[in-house]
Amino acid sequence: MQQTQEKILVLDFGGQYNQLIARRVREQKVYAEILPYNRTSVEEIRRAGYRGIIFTGGPNSVYDESSPHFDPAVIDAGIPILGICYGDQLLAQMAGGEIRSAAECSEYGRTPLELRRCELFEGIPEKIVCWMSHTDQVSTPPSGFEVIASTSNCRCAAICDEKRKLYGVQFHPEVTHTEHGSEILRNFLFRVCGCSADWRMDDFIENAVEQYRRELDGKRALLALSGGVDSSVAAALLHRAIGENLVCVFVDHGLMRKDEGDFVEHTFKDRFGVNFIRVNAEQRFLDRLTGLTDPEKKRKAIGEEFIRVFEDEARKLGKIDILVQGTIYPDVVESGRGDASTIKSHHNVGGLPAVMDFERIVEPLAELFKDEVREVGTKLGLPDALVHRQPFPGPGLAVRIIGEVTRPKLELLREADAIFRSELEGAGCPSDQYFAVLTDLRSVGVKGDARTYGRTVVLRAVTTDDFMTAEWTKLPLSVLESASSRITNELPEIARVVYDITSKPPATVEWE
Ligand code: XMP
């Protein structure tokens, strides 16, 4: 989808910072998209009318046969290029320069850098500290290029051919450790590429609504709504475009937190008037979970049952042309990458039956990062509680009940969880995700003068940027105290409350 006339291509050679580069460009209100080097041609790049191209870093050496390469015609396409790290070496090699691998000259981390005058470094002090991470480096710049920055170990730390608007930097301007890094990127965008900062969320919404109104005219579309941020924003956007031709199916597996299913239904049905079907499937899921105690078996059973319920609903709806999914940009970029070992089988509502017959899949948020998705949600009028909802696992409370899942246990956990959340939120404590877990552990207690033998609830709160790693949140003791006291007073079955002080790794955020 083309949002704007002005866009920058981030050509991905496998570097770990590709998303960060795109993010930094968008922060300057210039639209950026990431394309993999091996699925993009120079013709496509020319046709798409990019204002500039950024070659990302990559883990390889340009002289490896198997390392990523690109059609050298790109440097004569008349489009400004900024190569970063591997991208700098690749640009130099394509233009006829030489690269050398010298372990003794490798640089990692903060490195002093001296700059010379050029468009890219306009307004930046001559001496800065940059972030380096390389072994190879450009040893001889291509003809027509000059050296515009050096470090003590790397003479060609930046090169340029100002006439052709080709720039290469060995360091990483996209990371915050590089001083004036965002100014360097700004110089590339505005001085070199002539961008004018026209990327606005309102344009995104307007263009997307207009586009889908046109393309999906007269078609019926189905969206599996989980109540999470992404599928909710996708629903609100598509509803604005095609109105009642959008059917949202919300499978309530009965494993939601207290009042959550009603909140989702109320938001979409009453507030937006969306064609909304809530399937109350609690009994089906509970039947399926009977006797299961192994976490992976529980997760798989829920994923499969979800598909069965969905198939049954879809059959009732008759022919549907379009499937709408709330896929967001990081999902697109990450998919198909490597083969990380399975820590847990993640179940997402996107996991729909492969056999379902759709003419087309529409992913209206596939170009946006999470914070951009939230911004769109707010602009579309979704309530804050939904837009800023903390992540909730697809299998819901089933992975927060240790052992077999039963209705009484679900009810107990829902109450304990609601108390903890209200105490934490009432005290205004910042934490990225927080919840209660119901364990199978029983312990002896005393209430009044009588002995009790009740269950143990665990409170968990984590602080994290990306949920790949997480710290346990240092909650004020007063919050823990009031949560513990309310839970044991209001829920007689609970004899003990404990706080989880394990970070990820070695633990995971969820208990199962
Ligand atoms: P873990 O437990 O893997 O959780 O450290 C990291 C983040 O992912 C969420 N999570 C899930 N989300 N389907 C999801 O959509 C799942 O099956 C699932 N399991 C965990 C978890 O809540 C945390 O935010």
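We use all heavy atoms of the structure for the numbers below, so side chains are in, but hydrogens, waters and symmetry mates are not. In each ligand, atom 1 is the first atom listed, and ligand 1 is the first ligand listed.
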Visitor: Quick one: does Q433 get an N or O within less than 3.5 Å of an N or O on ligand 1?
Guide: yes
Visitor: Would you mind listing which atoms of ligand 1 come within a distance below 4.0 Å of any non-hydrogen atom of T508?
Guide: 1 (P), 2 (O), 5 (O)
Visitor: Give the atom numbers and elements of ligand 1 that come within less than 4.0 Å of a heavy atom of P391.
Guide: 24 (O)
Visitor: Give the atoms of ligand 1, by number and element, whose distance to some non-hydrogen atom of K504 is under 4.0 Å.
Guide: 1 (P), 3 (O), 5 (O), 6 (C)
Visitor: Using a plain distance cutoff, I'd like to know if G394 has any nitrogen or oxygen under 3.5 Å from a nitrogen or oxygen of ligand 1.
Guide: yes
Visitor: Please check if the distance between the ring centroids of F435 and F420 is under 6.0 Å.
Guide: no
Visitor: Taking the side chain from T40 and the backbone from L35, do they hold a donor-acceptor pair closer than 3.5 Å?
Guide: no
Visitor: Under a 4.0 Å heavy-atom limit, does Q390 contact ligand 1 with its side chain, its backbone, both, or neither?
Guide: neither
Visitor: I'd like to know if R299 contacts ligand 1, where contact means a heavy-atom distance under 4.0 Å to any ligand atom.
Guide: yes
Visitor: What donor-acceptor contacts under 3.5 angstrom involve side-chain atoms of residues 216-223, with partners at least two apart or in another chain?
Guide:
| unit_1 | atom_1 | unit_2 | atom_2 | d |
| --- | --- | --- | --- | --- |
| K219 | NZ | E359 | OE2 | 3.1 |
| R220 | NH1 | L317 | O | 2.9 |
| R220 | NH1 | K319 | O | 3.2 |

Visitor: Scan residues 472-487 for pairs that pass salt bridge (charged side-chain N to carboxylate O under 4.0 Å, His left out), counting only residues two or more places apart or in two chains.
Guide: E423-R486, E471-K474, R486-E490
Visitor: Assess whether a salt bridge exists between R278 and D262, defined as any Lys/Arg side-chain N lying under 4.0 Å from an Asp/Glu carboxylate O.
Guide: yes
Visitor: For ligand 1, which is the ligand I care about here, please tell me if P395 has any N or O atom under 3.5 Å from one of the ligand's N or O atoms.
Guide: no
Visitor: Enumerate the atoms of ligand 1 whose separation from the nearest heavy atom of V509 is less than 4.0 angstrom.
Guide: 1 (P), 2 (O), 4 (O), 5 (O)
Visitor: Determine whether a donor-acceptor pair (N or O, by modelled atom type, separation under 3.5 Å) exists between the side chain of E174 and the backbone of L20.
Guide: no
Visitor: Please tell me whether H172 and Y17 form a close aromatic pair, meaning their ring centres lie under 6.0 Å apart.
Guide: yes
